[in-house]
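Heads up: numbering here begins at 1 and tracks the sequence. Only heavy atoms go into these numbers, but all of them, side chains included; no hydrogens, no water, no symmetry mates. This one's a predicted model, so the numbers in the text were calculated from it and none came from an experiment. Both ligands and their constituent atoms are indexed starting at 1 by order of listing.
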Amino acid sequence: FLQANAFRNAHKIYVNGSDVPDAVASFADLYEHYNLPSYLRRNVASAGYLKPTPIQMQAIPLMLHGREVLACAPTGSGKTAAFIIPILVHLKEPAKVGFRAVIVSPTRELAQQTYRECSRLCVGSGFKVHVLTKAKASANSFGPSSSQRFDILVTTPSRLVHMLSQEPPAIQLNSVEWLVLDEADKLFEDGPSDSGFRNQVAQIYSACDNPKVKHALFSATLGQGWRSSATPTSPLQSGSSSASRTQ
Ligand code: ADP
Ligand code: MG
């Protein structure tokens, strides 16, 4: 226990929550304690990642244990791989049941970046990743039947809400097992009337109505609202949630 905390302190990893699994010191350590598929180990190696970043050291074990997380780490610290790696492990293999993971990014550019990182970590897995941005084809070309083929969705809030608001909805999210809000601080910003992210995120939350769904929030900063209270005011309120912050 002391050792685990000394390791966290040395890497400026701060955690809150009960029964937090130990941080992993290296990818070898991760592979020794958790069963990661070989395609994923290969992709981590070919991405040139020699050592997990602090957020990866702690968030990957947490999410592999199926814990919901509220995670905070600076820009450029590898938050994308921190949530993609455990999600890929959980999804195991392609299943034609529709989207099982949804990653919401505040902007088109960030969604594209996340899509690229996700795609490269997926090489050899057979998973189908879809990115939904304003630039992409109209909603009609992407209906409930074609979405069955996909496993992972990367999207901006407005695109997804647009599809959810069609009659009937142009996308089904009832098989979603992981809902990730990336740059969560921006997603919880209030905006003018119904263009506000907060409102859109609420709609996405309710559409992911699988009882098994788990949530993960990643951000570069803890915004005002979060800093002032000990427990997140976000939808993360279950006993299984954990907060992890690294610098
Ligand atoms: P963030 O979302 O925290 O801003 P990103 O996930 O965009 O950061 O990652 C920033 C860069 O670091 C990307 O180019 C990514 O490929 C790279 N990266 C991620 N994890 C590692 C790692 N363990 N070692 C080296 N580079 C990494
Ligand atoms: Mg990021």
K51 neighbourhood, listing ligand 1 atoms whose heavy-atom distance to it stays under 4.0 Å: 22 (C), 23 (N), 24 (N)
Contacts of type side-chain contact (heavy atoms from CB on, under 4.5 Å), residue S125, not counting sequence neighbours: Y39, C122, F127
Selection from Q56, K79, R120 by shortest heavy-atom distance to atom 2 (O) of ligand 1: K79
Basic-acidic side-chain contact under 4.0 Å: K128, D151: no
Distance filter under 4.0 Å to P74 heavy atoms, resulting ligand 1 atoms: 3 (O)
Pairs where residues 35-64 contributes a residue and the test salt bridge (charged side-chain N to carboxylate O under 4.0 Å, His left out) is met, not counting sequence neighbours: none
F188 and F197 aromatic centres sub-6.0 Å: no
Atom 16 (O) of ligand 1: nearest protein contact (heavy atom, Å): Y49 OH, 2.5 Å
Protein heavy atom at shortest distance from atom 12 (O) of ligand 1: G76 O, 4.2 Å
Aromatic contact, Y115 with H130 (centres under 6.0 Å): no
Heavy atom of the protein closest to atom 8 (O) of ligand 1 (residue, atom name, distance): G78 N, 3.1 Å
Heavy-atom donor-acceptor pair, T53 side chain to G78 backbone, under 3.5 Å: no
T80: numbered ligand 1 atoms lying under 4.0 Å from its heavy atoms: 2 (O), 5 (P), 6 (O), 7 (O)
